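Inspection log for the structure reproduced underneath, given as structure tokens.
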Amino acid sequence: MARLRRRPRRPDDAGRQRVPVRPPLVLGGRPDRRLIDGYLGYTNNQPIELRNRGFEIEEMLLAGVGFPLVGQTYVTTQENIGRNREKVKAFLRAEIRGWKDVLADPELAARVTVEEYGRDLGLDPGITLTACRTGNELILDGDPAQHILALPEETAAANVRAARAGGLDLGVEELFDLGPIREVYEEDPALALNA
């Protein structure tokens, strides 16, 4: 980032390229055949795969440079929340339990992912384990009272400010419906990380 600040760029200085889900493909497959200089991707798994293939890369989180965005969001309609609120909450409970299991035992999570749920995907066990551990670091925020998937009001507001900076005119209540996740934790306090 310091180099970018010293040498400001205009939008026409850079080109855009649609990329496949697997980053090594857009990077030419090998470190000596790199096709691009920058890549916007998922920090929990794609850098791991790139490093495993010999690419020397640097990472930065957008939040680290003043552009906070929630990740791994769940999108549905207000109509669905209204008609199927209990099903939405059941889904959120299951997601929370799954993430708590990954946090508690990333080795087991990686093994089950590779050997059972992703058995036909050709997943690399080492990369999958590293991805589980990296995901755990991203999930844990250091707050002993943290609730997985919960979005604190100040974080929601920061996301809206970032969206507004990008030209979207909306409010927290238009972007997020935090009611179901709050109800899940009110109804089942044992889902909290340190419960």
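On a predicted model such as this, the values are computed, not experimentally measured, just so you know. Numbering of residues begins at 1 and proceeds along the displayed sequence.
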From CD1 (Ile96) to CG (Asp188), nearest 0.5 Å: 8.5 Å

Using the rule that two of Ile, Leu, Val, Met, Phe, Trp, Tyr join whenever any of their side-chain heavy atoms come within less than 4.5 Å, decide whether Val160 and Val70 are in one cluster. yes

For residues 119-132, which residue pairs qualify under side chain to side chain donor-acceptor pair (under 3.5 Å), counting only residues two or more places apart or in two chains? none

Counting C-beta onward and ignoring hydrogens, is there a side-chain heavy-atom pair between Glu59 and Arg51 closer than 4.5 Å? yes

Hey, is CD on Glu187 packed in by over 12 heavy atoms from elsewhere, all under 6.0 Å? yes

Could you check whether any side-chain heavy atom of Glu107 comes within less than 4.5 Å of a side-chain heavy atom of Arg111, counting everything from C-beta outward? no

CG of Asp177 to CD1 of Ile81: how many Å apart, nearest 0.5 Å? 4.0 Å

Around atom OH of Tyr117, are there more than 12 heavy atoms from other residues, nucleotides or ligands closer than 6.0 Å? no

How close do Pro180 and Leu92 get, counting heavy atoms only, and between which atoms? CB-CD1, 4.0 Å

Using the six-membered ring wherever Trp is involved, compare the ring planes of His147 and Tyr185 and label them parallel, tilted or perpendicular (cut-offs 30° and 60°). parallel

Out of curiosity, Leu123 CG to Leu129 CG, how far, rounded to the nearest 0.5 Å? 12.5 Å

Can you sort out the partners of Leu103 under side chain to side chain contact (heavy atoms under 4.5 Å, CB included), two or more places apart, ordered by chain and number? Asn136, Ile139, Leu140, Ile148, Leu193

Taking Val184 as the starting point, is it possible to reach Leu149 by hopping between hydrophobic residues whose side chains are less than 4.5 Å apart? yes

When rounded to the nearest 0.5 angstrom, what distance separates CG in Leu108 from SG in Cys132? 9.5 Å

Can you list every salt bridge (Lys or Arg N to Asp or Glu O under 4.0 Å) pair that touches residues 156-167, not counting sequence neighbours? none

More than 12 non-hydrogen atoms from neighbouring residues, nucleotides or ligands closer than 6.0 Å to CD on Glu58, yes or no? no

Could you check Arg83 against Glu79 for salt bridge (charged side-chain N to carboxylate O under 4.0 Å, His left out), going step by step and ending with a plain yes or no? CA-CA 6 Å; Arg83 288 187 179 174; Glu79 180 182 356; 2.9 Å; yes

Group every Ile, Leu, Val, Met, Phe, Trp and Tyr by side-chain heavy-atom contacts under 4.5 Å, then state whether Val114 and Leu121 land in the same group. yes

Between Asn80 and Thr77, which heavy-atom pair has the shortest distance, and what is it? N-OG1, 2.9 Å

How far does NZ of Lys100 sit from CZ of Arg97, to the nearest 0.5 angstrom? 9.0 Å

From CG (Leu175) to CG (Leu168), nearest 0.5 Å: 8.5 Å

Treating Ile, Leu, Val, Met, Phe, Trp and Tyr as nodes and any side-chain heavy-atom pair under 4.5 angstrom as an edge, say whether Leu138 and Ile57 lie in one connected cluster. no

